[in-house]
Amino acid sequence: MRDDEPAAEPLPYVEVTDAGYGSRVAETFSVRRYGPAVLLTGDCPRCQHPISCPIVDEVYRREAPPAAVDPGYRTLLCSCAADHPARPDGLSGCGAYWTVTLEVEA
């Protein structure tokens, strides 16, 4: 089996990260503007199932939130629709999470 193919047996749900997940996502995900957000799409670096991750930089509400410094990085998690044994009710994905730095070009 190649590393980029889904596993024959479904991976169990485990909340886990790996140093290579963020690098793999940075190399393989597509990025496009999606209204006020940026949409990242590709295959989860753990389970290899397709996912989409919207990144919204602003929260829309009537009152302005206090100013905060944007760290530039975002923590993302697998949100695939595939079955992963032991996944808690109400959740999606395989449990993988990773951090990427988001740089928006002008």
Side-chain angles (χ1 to χ4, degrees):
M1 181 175 85
R2 293 184 350 207
D3 285 342
D4 60 348
E5 293 178 354
E9 294 292 321
L11 290 172
Y13 179 92
V14 177
E15 293 178 1
V16 64
T17 193
D18 181 274
Y21 288 175
S23 297
R24 200 167 319 143
V25 166
E27 294 171 3
T28 62
F29 271 40
S30 64
V31 180
R32 71 179 176 94
R33 290 220 178 259
Y34 183 72
V38 173
L39 187 64
L40 307 177
T41 56
D43 293 336
C44 170
R46 178 175 179 249
C47 70
Q48 304 302 311
H49 294 115
I51 60 173
S52 293
C53 303
I55 308 295
V56 180
D57 283 334
E58 298 177 18
V59 176
Y60 295 94
R61 57 179 145 168
R62 294 174 197 257
E63 297 175 21
V69 175
D70 184 353
Y73 63 87
R74 302 292 186 270
T75 300
L76 307 176
L77 43 107
C78 178
S79 59
C80 76
D83 182 38
H84 291 285
R87 180 172 55 210
D89 289 341
L91 296 181
S92 61
C94 70
Y97 61 95
W98 56 92
T99 302
V100 295
T101 300
L102 187 63
E103 296 177 8
V104 178
E105 295 178 2

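Just so it is clear, the values below take in all heavy atoms, side chains as well, and ignore hydrogens, waters and symmetry mates.
When hydrophobic clusters are built by joining Ile, Leu, Val, Met, Phe, Trp and Tyr residues whose side-chain heavy atoms come closer than 4.5 Å, directly or via intermediates, Trp98 is not grouped with Leu91. Val16 and Leu77 fall into different hydrophobic clusters, defined by Ile, Leu, Val, Met, Phe, Trp and Tyr side-chain heavy atoms under 4.5 Å apart, directly or through other members. When hydrophobic clusters are built by joining Ile, Leu, Val, Met, Phe, Trp and Tyr residues whose side-chain heavy atoms come closer than 4.5 Å, directly or via intermediates, Leu76 is not grouped with Tyr97.
Side-chain atoms of Arg24 come within 3.5 Å of backbone N or O of Pro45 as a donor-acceptor pair. Using a distance-only test at 3.5 Å, with no hydrogens or angles considered, no donor-acceptor pair links the side chain of Arg74 to the main chain of Ile55. Checked by atom type and distance alone, the side chain of Ser79 never pairs as donor or acceptor with a backbone atom of Ile51 at under 3.5 Å.
Atom CZ of Arg87 is separated from atom SG of Cys94 by 9.0 Å, given to the nearest 0.5 angstrom. Taken from CG in Leu11 to NE2 in His49, the straight-line distance is 8.0 Å, to the nearest 0.5 Å. Atom SG of Cys78 is separated from atom CD of Glu15 by 12.0 Å, given to the nearest 0.5 angstrom.
Shown here for Val56 and Ala37, the closest heavy-atom pair between the two residues is CG2-CB, 3.8 Å. Considering every non-hydrogen atom in both Ser92 and Tyr13, the closest pair reads O-CE1, 4.3 Å. Contact between Arg46 and Pro12 at its shortest, heavy atoms only, is NH2-O, 3.0 Å.
Contact annotation: the side chain of Arg33 approaches that of Val38 to within less than 4.5 Å [non-hydrogen atoms, C-beta and beyond].
Each of Thr41, Leu39, Leu40 was compared with Phe29 under the side chain to side chain contact (heavy atoms under 4.5 Å, CB included) criterion, and only Leu40 meets it.
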